[in-house]
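Everything quoted here is computed from the prediction, not taken from an experiment.
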2 protein chains.
Amino acid sequence: MPQRPVLKLVDITALKATCSVCSLHELCLPMGLAMDEVEALDRLTERRRILKKGEKLYSIGSSFGALFAVRYGFFKTQVLQEDGREQVTGFHMMGELMGMDAISSDAHTCDAVALEDSEACEIDFTQLERLSRAVPALQHQFHKLMSREIVRDHGVMLLLGSMRAEERLATFLLNLSQRFAARGYSATDFVLRMTREEIGSYLGLKLETVSRAFSRLQNQGLITVQGREVKISHLSRLRTVISHCTS
Amino acid sequence: MPQRPVLKLVDITALKATCSVCSLHELCLPMGLAMDEVEALDRLTERRRILKKGEKLYSIGSSFGALFAVRYGFFKTQVLQEDGREQVTGFHMMGELMGMDAISSDAHTCDAVALEDSEACEIDFTQLERLSRAVPALQHQFHKLMSREIVRDHGVMLLLGSMRAEERLATFLLNLSQRFAARGYSATDFVLRMTREEIGSYLGLKLETVSRAFSRLQNQGLITVQGREVKISHLSRLRTVISHCTS
DNA sequence: CGTCCGGTTGAAACATGTCAAAGAAGGTGG
DNA sequence: CCACCTTCTTTGACATGTTTCAACCGGACG
């Protein structure tokens with residue numbers, strides 16, 4: 001009898017399905033797989049990469065061979081423009097999948113940088129495709145993941161296109177809150193892993209504007225900030241900030 | 001001997017692969033398929049939907065069953081926010097695939113509206129998944145398409161997050177130009193299918209700002225605009241507008 | 001022929017960006 | 001363990017770009 005993975009059965013994605021295979025990333029599946037399929041899935045996520053803060057998991061232009069699932073730690077992904085401007089396209093925490101942008105051109109289109117000491121598992125893409133041909137549930141789950149990434153990006157586009165600074169920051173904090181909560185951490189108290197500049201880059205704002213937005217939310221009694229420590233005092237009132245806009 | 005599709009062999013996606021099956025959408029494949037696979041692919045794209053200007057191909061919340069490939073015409077997709085704000089997330093022309101955002105939740109997350117009389121073919125998603133399990137090349141092509149959508153969205157995020165009005169509009173026009181050119185139309189002379197307001201919504205600007213940006217580009221001698229007719233006088237100089245920014 | 005819709009343009013209000021200074025936090029090496 | 005240096009953060013004053021409000025123009029359509 002093959003040994004099952006050492007991973008615990010926690011549903012970190014807040015999806016309804018319980019995970020039979022690997023709870024630590026989003027490619028988890030509902031029960032009901034044959035044992036050899038389970039083994040194959042486990043093998044797919046065997047390889048690990050350990051990174052120190054600041055190190056890159058992959059770089060723009062580097063050839064694509066695998067997706068990465070965050071095991072622990074925190075990453076940012078950023079794209080670059082010809083003239084040197086760069087923008088953070090996302091922050092990625094435990095369980096989340098990175099690198100799907102690279103499939104289209106067989107080369108990574110963004111840098112993935114560890115914002116703290118982190119570990120990711122490397123998922124060979126050719127093998128993933130092969131296995132997903134054999135396991136329809138895996139195939140569909142993977143398609144859902146890519147789709148979710150698209151939906152997420154549309155949300156960011158909405159944010160960048162129609163919200164003002166305070167709303168953007170509130171949206172960002174609520175998103176983090178929800179993701180921390182889904183992983184069993186506090187929804188109201190957490191430590192930011194990124195700088196004001198990185199937040200600003202993600203939200204389409206300058207770092208000073210981010211800082212001011214933090215201060216304003218604090219003055220309104222919605223949050224307490226001290227450097228990177230954030231405490232959300234009124235989750236529900238913070239939500240109203242977003243829809244409460246004038247425009 | 002089964003009859004081959006009536007479609008012509010034109011590489012509308014500007015990809016290197018020539019299309020053996022259906023040149024009118026992005027799920028085209030390199031040569032080398034078995035005949036029954038070709039048939040199956042053709043059957044997948046049999047169903048057609050014809051829409052008049054203003055009609056919806058699908059709506060937010062409607063249940064997901066199929067992807068759509070534009071055969072002719074022009075579509076916009078738009079998302080909605082709780083407070084009623086809506087934002088255009090993309091414009092879609094001949095050959096392009098729509099609806100991939102819906103896979104994640106089995107429901108459409110945006111409206112798809114025809115901006116002129118249009119036709120789309122409906123691609124049953126369950127069948128697409130089944131077929132792509134049997135045809136690795138199709139599977140990979142589909143993954144590339146979803147990935148390309150993600151990359152495209154990152155580009156828009158960069159635009160929304162770091163460009164000023166004039167640069168955004170220039171980027172938009174160049175993108176249209178390139179897509180028209182890839183379909184055999186003029187890269188410099190074309191007619192916009194959307195209003196200033198829709199452009200503005202896509203670019204995160206108000207319609208007046210879009211109008212002013214058009215005027216400024218025209219005053220600089222880069223383009224000629226008359227209502228929705230656009231003529232790009234200096235493609236290369238228009239490109240420099242984008243990287244030529246102060247920030 | 002008049003109305004409606006889309007587009008253009010101006011002036012003033014507003015939000016964010018820029019520049020600058022100073023304070024706080026964190027890491028490194030003596 | 002402390003001192004120093006660097007990086008990050010906050011805040012103010014001012015500049016800039018975009019939005020808002022309003023008026024007007026032109027073409028499409030009944």
In whole Å, what is the span from the [atom1] atom of [X] to the [atom2] atom of [N]?
{"X": "B/Arg228", "N": "D/dA28", "atom1": "CZ", "atom2": "C1'", "result": "12 Å"}
{"X": "A/Gln218", "N": "D/dT9", "atom1": "CD", "atom2": "P", "result": "15 Å"}
{"X": "A/Ile199", "N": "D/dT7", "atom1": "CD1", "atom2": "C1'", "result": "15 Å"}
{"X": "B/Lys206", "N": "C/dT8", "atom1": "NZ", "atom2": "P", "result": "17 Å"}
{"X": "A/Lys53", "N": "D/dT7", "atom1": "NZ", "atom2": "C1'", "result": "10 Å"}
{"X": "B/Glu198", "N": "C/dG7", "atom1": "CD", "atom2": "P", "result": "9 Å"}
{"X": "B/Leu203", "N": "D/dT19", "atom1": "CG", "atom2": "P", "result": "11 Å"}
{"X": "B/Glu167", "N": "D/dG17", "atom1": "CD", "atom2": "P", "result": "11 Å"}

Note: [X]-[Y] ion pair, threshold 4.0 Å (strictly below):
{"X": "B/Arg183", "Y": "B/Glu96", "result": "yes"}
{"X": "A/Lys53", "Y": "A/Glu116", "result": "no"}
{"X": "A/Lys56", "Y": "A/Asp111", "result": "yes"}

If you check every side-chain atom of [X], which of [options] has the closest atom?
{"X": "A/Ala165", "options": "D/dT20, D/dC8, C/dT16", "answer": "C/dT16"}
{"X": "A/Leu205", "options": "D/dT19, C/dT16, D/dT9", "answer": "C/dT16"}
{"X": "B/Ser211", "options": "C/dT8, C/dG17, C/dG10", "answer": "C/dT8"}
{"X": "A/Arg196", "options": "D/dT20, D/dT9, D/dT18", "answer": "D/dT9"}

Which part of the nucleic acid does [X] contact within heavy-atom distance under 4.0 Å: base, sugar-phosphate only, or nothing?
{"X": "A/Arg212", "result": "base"}
{"X": "A/Leu207", "result": "base"}
{"X": "A/Gly200", "result": "nothing"}
{"X": "B/Thr209", "result": "base"}

On the side chain of B/Arg216, is there an atom forming a donor-acceptor pair with the base of C/dT9 - under 3.5 Å, no angle test?
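No such pair is found, so the answer is no.
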Can you find a donor-acceptor pair, distance only, under 3.5 Å between A/Glu208 side chain and C/dC19 base?
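A donor-acceptor contact between them is present.
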Closer than 3.5 angstrom, by distance alone: can the side chain of A/Glu86 be matched with the main-chain N or O of A/Leu80 as a donor-acceptor pair?
no
Using five base pairs at each end to define the local axes, how bent is the helix from C/dC1-D/dG30 to C/dG30-D/dC1, to the nearest 10°?
40°
Taking only the side-chain nitrogens and oxygens of A/Arg164, find out if one of them lies under 4.0 Å from OP1 or OP2 of D/dT19.
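No.
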Given DNA chain D, 5'-ward residue of the pair B/Val210 and A/Ser215, judged by closest heavy atom:
A/Ser215
A/Tyr58 and A/Phe68: aromatic ring centres closer than 6.0 Å?
yes
Are the ring centres of B/Phe190 and B/Tyr185 closer than 6.0 Å?
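When the ring centroids of B/Phe190 and B/Tyr185 are compared, they turn out to be at least 6.0 Å apart.
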On the 0 to 90° scale, with breaks at 30° and 60°, tag the A/Phe74-A/Phe91 ring pair as parallel, tilted or perpendicular.
tilted
Note: for B/Gly161 and B/Glu197 on DNA chain C, the residue whose nearest nucleotide lies more 5' is B/Glu197
Flag side-chain contact, heavy atom, 4.5 Å: B/Ile199 against B/Phe214:
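Heavy-atom side-chain distance check passes, below 4.5 Å.
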